[in-house]
Amino acid sequence: MALPVEKYLRVAKMPHIWCPGCGHGIVLQSIVRAIHELELDTEKTVIVSGIGCSARAPGYLNFDTLHTTHGRAIAFATGIKLAKPELNVIVITGDGDAAAIGGNHLIHAARRNLDLTVICFNNNIYGMTSGQYSPLTPQGSYATTSPYGMLENPFDLCNLVMGAGGTFAARSTTHHARQLTNIIKEAISHKGFAFVDALSQCPTYFGRRNKLRTPREMMKWFEDRAVPARNWDKMSPEEREGKFPVGVLTKTQAPELTEVYGQLIEQLQQRGGE
Amino acid sequence: MALPVEKYLRVAKMPHIWCPGCGHGIVLQSIVRAIHELELDTEKTVIVSGIGCSARAPGYLNFDTLHTTHGRAIAFATGIKLAKPELNVIVITGDGDAAAIGGNHLIHAARRNLDLTVICFNNNIYGMTSGQYSPLTPQGSYATTSPYGMLENPFDLCNLVMGAGGTFAARSTTHHARQLTNIIKEAISHKGFAFVDALSQCPTYFGRRNKLRTPREMMKWFEDRAVPARNWDKMSPEEREGKFPVGVLTKTQAPELTEVYGQLIEQLQQRGGE
Amino acid sequence: MIKNQARLLQGNEAVVEGAIAAGLKFFAGYPITPSTEIAEQCAAKLPAAGGTFIQMEDEIASMAAVCGASLAGAKSMTATSGPGFSLKQENLGFAVKGEIPCVVVNVQRVGPSTGMPTSPAQGDVMQARWGAHGDHEIVALCPSSVEEAFSLTVEAFNIAEEYRTPVILLMDEVIGHLREKVVLPSKEELVVKEREKPSVPQGEYKPFAMKQGNIPGVPPLAAYGEGYRFHVTGLTHGEDGFPTNNPAIAEKQLKRLNEKISSNKEALVKVEEFHLDDAEIVVFAYGATARSARKAVNDARAQGIKAGMLRPVTIWPFAEDALLKVKAKSPKAVIVAEMNLGQMVLPVKRVMGDSVPVVQVNKLAGQLIEPEEILSAVKEAI
Amino acid sequence: MIKNQARLLQGNEAVVEGAIAAGLKFFAGYPITPSTEIAEQCAAKLPAAGGTFIQMEDEIASMAAVCGASLAGAKSMTATSGPGFSLKQENLGFAVKGEIPCVVVNVQRVGPSTGMPTSPAQGDVMQARWGAHGDHEIVALCPSSVEEAFSLTVEAFNIAEEYRTPVILLMDEVIGHLREKVVLPSKEELVVKEREKPSVPQGEYKPFAMKQGNIPGVPPLAAYGEGYRFHVTGLTHGEDGFPTNNPAIAEKQLKRLNEKISSNKEALVKVEEFHLDDAEIVVFAYGATARSARKAVNDARAQGIKAGMLRPVTIWPFAEDALLKVKAKSPKAVIVAEMNLGQMVLPVKRVMGDSVPVVQVNKLAGQLIEPEEILSAVKEAI
Amino acid sequence: MRLELRLAGEGGQGLITAGIILAEACAEYTDLNVVQTQSYGPESRGGASRADVIISSHEIDYPQVKKPDVLIVLAQEACDKYLPTVKDGGTVIIDTTYVKPVPEAQSQRVKVIEFPVSAKARELGREIVANIVALGLLVETTGIVPKDAVIAAILDRVPKGTEELNKQAFAAGVEAAKAL
Amino acid sequence: MRLELRLAGEGGQGLITAGIILAEACAEYTDLNVVQTQSYGPESRGGASRADVIISSHEIDYPQVKKPDVLIVLAQEACDKYLPTVKDGGTVIIDTTYVKPVPEAQSQRVKVIEFPVSAKARELGREIVANIVALGLLVETTGIVPKDAVIAAILDRVPKGTEELNKQAFAAGVEAAKAL
Amino acid sequence: MGQTLQWEISVNSKWCKKCGLCVDYCPRDVLEISDIPTVKDAALCIGCLQCERHCPDFAITVKRRENND
Amino acid sequence: MGQTLQWEISVNSKWCKKCGLCVDYCPRDVLEISDIPTVKDAALCIGCLQCERHCPDFAITVKRRENND
Ligand SMILES: Cc1ncc(C[n+]2csc(CCOP(=O)(O)OP(=O)(O)O)c2C)c(N)n1
Ligand SMILES: Cc1ncc(C[n+]2csc(CCOP(=O)(O)OP(=O)(O)O)c2C)c(N)n1
Ligand code: SF4
Ligand code: SF4
Ligand code: SF4
Ligand code: SF4
Ligand code: SF4
Ligand code: SF4
Ligand SMILES: [Mg+2]
Ligand SMILES: [Mg+2]
């Protein structure tokens, strides 16, 4: 389906600032495509981000957009959604933004099952500040602040969201652009908190330091390691080694916070009216 | 085993400030007992806390103690442990301290597998500020800020820690004081990040508002709902309803951060010396 | 018995009454002594008023949620005390930069750090002005009574909405916890202001326009979901809200941001002048301390001393003009009484210059300054 | 070719060199432009120096970890810029209250909020003083060159350790990113100070004693793990470190906390006086701006104008005495040049009083003030 | 006229509530001005508890009680702590159920009224209404607030079903004061 | 003597490195004073890149380059942007591989040197050494820094195994300047 | 030995907050409480430490008598 | 119909950053790149959209020809 770019992008702001071959553009396109295919009302959809290369995305999207402080996008979005539950609220965040400084807001929104769609442009690195390690940088990888290789364990963001009680968590990559679009559609449609771990490549800082010389090489890395979720469960720990599951990893139903709160308001106002 | 209280407590500061029947004293005693039974060196053990009723515990403990800012105990402890890896560092925290404002530090310490023992005095409520809901307050329960019943889902803190990649997570309650002591011993002995969800009663604020009229009634609540971990796995979702598992819920081995960092220092210094 | 019009209200409760009267529709907070009653009252009262209360995971998130809700069109508030106020600074700066109307209550307790949580102080006055990084003006109001806790909350919302700016309600523990007899104004008596909405077609809306708007320098503000599809960022931006590195545009916008406050001081800065006309000794005091000062002035007058009080009701922007008027009359001394080590005394000294001696009365360990302490300073200065 | 003694170093790099020379053993930080190179250099260099680098989850955690490490006996540092500095305020206040030696670097960029991340500013000068809640004194140093980035970092550690206090190294983007030729002092030339250790038996140790210690008001500090088993809290505490609500004790401790800085100003406050002796026009400038000021002064002198510069090297405590000396000579004007809307000009005005006109030269959109701009202010004022 | 009152005892004895009721009575049912304050422990964990009320026909500037005109104490610790704060010539009402007789030195300085407040409440059915008995004593002793105002304020606040008990408690306090 | 130099082009052309090498040469191998600065894009994502170097026999106060004495540009955008900033009578070196001839108006104002810097580098084996060729041009043109100092500084910095290539590149630049 | 007193139970009245948990938890009904807990019948005590472990105030201790062999 | 050109491929040269991913991802070798990508043999295109979906810059679009029925 051809994408009516002018409808969704602030074309006057293009081309965007991202480096050649940066995966963030592919994730962004997947989001736009998902919005288009779902026929979301562009006047009732708000896009919120924190700070980072990824977080620059809203500036190119022709919606109500909010570029907040580093790590806090979900908290700002919480206010928007609670104040106007009829809006679709989509959060665009980076692995540093969502999982380092913003980790607490992520797990709390997941716990509350607030109807937000959070899409993490996960490139395993702090792109905007030129390549420091993030909580997603694989052990042993190089970054400007891990000159001897990353010493810490990385998060598995979907596991984290599930551990926090999230009702929807999924993963895909820029290589799997089509799947990514579909997953984002499913995430937006999910009533409740939905998290998408969108693996993206930063050729400029992650690739260059880690001998992944081209964007395609980085995407090949995704291609080689991704395992469809339905196969993942059947794999032994040894088979899983060096691989990761893609697809929808958890999807359950639970009361959504703005609905629950709306009911309370209704109840109390009726009671007050009696 | 009789507990040589004078060795471990700052007896001049006793009696402590906690209300009659407050579970925090029982958890504290379990910690002291664990330390005693493990024969930890009292001069090489540091106790760190945030802010809350629970966080007042270190003031009564005759060790190096640090009463920090709300939610940040684990981050302060991270500095202590990294600067002096030979110290035993135990963090005492509350459910608000650890899981509300401090949630991010909890998951990051778990991810890093830093050798800290974190004991959460989990009374489902903010005791110190007089009874607001916490991220652990069960749905429907009353608190001063949930006058119509708690609307949000609570965390399962052990699940959260596991989702973050933690290598040790366990739960017990003030009712299970003996088990609690043993679990704390195991947590302290664990090389790596260890988390103990210690369910505690706040008769003053949680009990009073939720028709649990005595401390014993609150502990009975624990008694009735706790299921040994080994049985939990065999239970159906229906059987689990209204219950929770106690015992060691996860225990795995992974490289510990100060060890890994120590190796790096050694390596680089040798290299420098060559 | 028949009730009269009056009620007994706690300062913190009065804030909530004022906020709801002013149209509060969203409160996000995190409990902290001595402000917690504000959150608790909001939890109890907001839903019935069609608004939403949420206890966030921390103060940072609370401030963020308040900004988000305000951009979605809801009048929004948060409340805290020193430690939480410190945490809010980054997002408070975002609200300043994004020109997001909201009210931030700080009920001051003794610092630094955890300090004395249940004891009063006025140690965050300078922080209110300078706590966030970067150049910015701020509006802060300082109630001296429960009645003012109500009326200044309404005023705070009015200023926030009219000037598109966060407004700080800077209370102290004494006023926050004080229960006092008050008569609340009726709906008709209340002046409630609403933010100005854009009058241009959707495609032409510039959320940070230089010249539009009722108040010079304050551009109208659309709400999310109304079709304007506008962008808000904490980066330095142009009239359209998009980031810029053009120093000329940046300078213009940063100046407008500051001047919308600094050049409207006349409208914004309110003071109470008490026996100032012939005062030879002027006591400068605010918040709870002003109540002691008032008594001290009365007592001094009773003893034949011509004392007076200047009370800044608006604590920021600084009441420079009122002080210059005082200076013009060459009083024998200005006594600055405050529950801190000496904070507002600094700008007072700056304005008084070399000609008028400035005397300090300070107390910093959690006790309200007593009238006698001020009185004896008055007597010494005469 | 044979190298000389000099090196080309970036300001941020020089900070790390200085820190390691001063004995840095622990760095916790979170990347932010334009301070990131400090973290990166620490990551590369600390382990070989036997120290530990960690990138924490945010700036709050970084400040916390630094406090923890310092209490464990390690000289500790963190580095950030405006947004992160705002976030650190609460724990910076804890460091003040707990009297925990540490160094906090803020490389200033344009605010408010995200502002202009790669452009210089001096908009956090007042925040450095007042950013944390509650009454507290702070020490802040402000380098004007890469060489000073090195030497003032060493000085910052020395002050931190000697006075048991956090010290802020307040840089700006110009100095942080500037590469400059510097000759670093040899180990022998360097003065490195260590914190005073308790001399009393373990059982008698009072970590917040009123009178002990080499410097009046600064009690010796044991390290965790040395057997002293002491308590540190952010609550107002007595000499033994345990919380107290006794106002008399609280007052004494809070006063000591402040006076250990304020009454040692003579030792702490360093200024550079440049052509001040006969100056009719005095330029007050700091950080990168002082380099423009120096050129302006030279150019003015070349044109026969008696200009001079007062540069506060220590930006807090305020260089009041040096300014009073200037005032005593009744210059025609003091020109305050700063990359902000006018911050340090406020205390300068306070000290200058009514007699000496104070003129402002400001720039706030991310550009260094040019010598010509200062020069023309000088000419106008003459 | 400015009257400063202090009610002190232990957490759980309901003295803060009593203070608030008294203040509400003044505020909502009389022309008197009133402010009420209370102690907030460092950590509000049980222990001592104190409510202060200032009643005045004029505006109330300084809102704190330094030297109460009247003190009522329901616990020994509270008595020891606050007795010395009472104004010379002021009045102290002690609950003899829990408080030992006032030492000679003090009883010469202030007027002492003794009554087994808590015992009386117990006698009425539930010790929990000791605070209302105390209120009766206080109101009758000071004579400053109309009793019907206080009764109205009591009824505004107490849980449904306990109205009678509370009225009796208040009356008992009033009677006791009259009898003394 | 104070000389202000500017090296400008696109990210990836290595001009920042060239600027740093030049500054290091001055700092570590001569008595000259030197400061070096560079552009930091708003988001440091590719795009334009600029390094400034000020060399002086005296102390350097104001550390920024307003009007360079010499500008070398390796990309058209950089040329368009910075050409007007060059001091009247200053020198501009353009890499004709990527930069169009300088417009008449400007070429009267400043001295223009043209050389296919990048093409030359490609010719030597790898275009990546264009920055070093540029350095050679700059050093020879200005004559302010001893060439052996610059060569030493180059060798301090470049990766092992590329020393010869870089020396050749530098020499090529120097030659070109001499020839012009 | 037999049924002689093996266990010494002591209550620290300065620390005890009278919550009654020790009494609640004693499986042998050894303790009773009006103000602070007191030992009703020490002979029944089996030294299970339930009282001690559940005391939030470190106020009750149970020790084996030293002279009971 | 047959093998006539069904797909119209266009590259927005103002947005294209020359990363080459479109070329890499094309399964039919339709595209080639020296500066910006160009169509080597449009007839081979199967309209799979791999190029478009993997373009980070919204710079390449593949549309079904409208006059191809
Ligand atoms: C409070 C604060 N701390 C730090 C920064 C600096 N900063 C900006 S973006 C960023 C990391 C971005 O990484 P990520 O979220 O992974 O996004 P990416 O650039 O990789 O897309 C950091 C540390 C900031 N702007 N604010
Ligand atoms: C930054 C900050 N925010 C809020 C507070 C107020 N506060 C103190 S303790 C506390 C909650 C304590 O709850 P929890 O951690 O569950 O401990 P408990 O008292 O229940 O043991 C809060 C919100 C604070 N001291 N600092
Ligand atoms: S730095 Fe990395 S993440 Fe940022 S735009 Fe470039 S490639 Fe993308
Ligand atoms: S308030 Fe609750 S948690 Fe705090 S001491 Fe009392 S019972 Fe314990
Ligand atoms: S030790 Fe056991 S049996 Fe003995 S008193 Fe305690 S609880 Fe009862
Ligand atoms: S459990 Fe402890 S505090 Fe409670 S009554 Fe028994 S001895 Fe006293
Ligand atoms: S649509 Fe498919 S076949 Fe056609 S050019 Fe694109 S990738 Fe190649
Ligand atoms: S993928 Fe897009 S940006 Fe990259 S070369 Fe192709 S059209 Fe250009
Ligand atoms: Mg990233
Ligand atoms: Mg709790």
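Chain letters run A, B, ... following the sequence lines, proteins first and then strands; every chain starts at 1.
Between the side chain of B/E43 and the backbone N or O of D/G225, no donor-acceptor pair lies under 3.5 Å. A donor-acceptor pair under 3.5 Å is absent between the side-chain atoms of B/D64 and the main chain of D/Y224, judged by distance alone.
There is no contact between B/T45 and chain D, counting heavy-atom distances below 4.5 Å. The parts of D/A61 that come within reach of chain B are both its backbone and its side chain, each placing non-hydrogen atoms under 4.5 angstrom from that chain. No part of B/I51 comes within reach of chain D, as not one of its non-hydrogen atoms sits under 4.5 angstrom from that chain. Neither the backbone nor the side chain of D/A28 comes within contact range of chain B; no heavy atoms are under 4.5 Å apart. Looking at B/R111, neither its backbone nor its side chain comes within 4.5 Å of chain D, counting heavy atoms on both sides. With a threshold of 4.5 angstrom between heavy atoms, D/A49 approaches chain B through N, CA, C or O but not through any side-chain atom. The part of D/F26 that comes within reach of chain B is its side chain, from C-beta onward, which places non-hydrogen atoms under 4.5 angstrom from that chain. Both the backbone and the side chain of B/L66 come within less than 4.5 Å of a heavy atom in chain D.
A centroid separation of 6.0 Å or more is found between the aromatic rings of B/Y261 and D/F53.
Residues B/H67 and D/V232 have side chains not in contact (no heavy-atom distance under 4.5 Å, counting atoms from C-beta outward). Two residues are said to be in side-chain contact when any heavy atoms from C-beta on lie closer than 4.5 Å; D/H231 and B/N62 fail this criterion.
The nearest pair of heavy atoms linking D/P47 to B/I265 is O-CG2, 3.6 Å.
The greatest number of non-hydrogen atom pairs below 4.5 Å with chain B, out of D/I54, D/V66, D/L71, D/D58, is found for D/I54. Contact tally against chain B (heavy-atom pairs below 4.5 Å) for D/E90, D/K97, D/K25: the top residue is D/E90.
Classification of D/D240 and B/K13 as a salt-bridged pair holds, one side-chain N sitting under 4.0 Å from a carboxylate O. Looking at B/R112 and D/E57, a side-chain N of the basic residue comes within less than 4.0 Å of a carboxylate O on the acidic one, giving a salt bridge.
Once rounded to the nearest 0.5 Å, the distance linking CG of D/L46 with CG of B/L264 reads 11.0 Å. Distance check: D/M56 CE to B/H108 NE2 gives 9.0 Å after rounding to the nearest 0.5 Å. For the atom pair D/F242 CZ and B/Y60 OH, the distance stands at 10.0 Å (nearest 0.5 Å).
D/E204 CD: more than 12 foreign heavy atoms inside a 6.0 Å radius. Heavy atoms of other residues, nucleotides or ligands lying less than 6.0 angstrom from NZ of B/K191 number more than 12.
Note: B/F76 and D/F94 have perpendicular aromatic rings, judged against thresholds of 30 and 60 degrees for the angle between ring planes.
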Inset, instruction - Start with the C-alpha distance between D/T52 and B/K81, add both sets of side-chain angles, then the distance that settles side-chain contact (heavy atoms from CB on, under 4.5 Å), and finish with yes or no. - result: CA-CA 11 Å; D/T52 304; B/K81 183 72 190 177; over 6 Å; no
Legend entry - Audit row: D/M63, B/R72, side-chain contact (heavy atoms from CB on, under 4.5 Å) steps and yes/no: CA-CA 10 Å; D/M63 190 67 223; B/R72 316 303 174 189; over 6 Å; no
If you look only at distance, which donor and acceptor atoms sit under 3.5 Å apart when one is on a side chain in residues 19-28 of chain B and the other is two or more places apart or in another chain?
unit_1	atom_1	unit_2	atom_2	d
B/H24	ND1	B/S200	OG	2.9
B/H24	NE2	B/N123	ND2	3.4

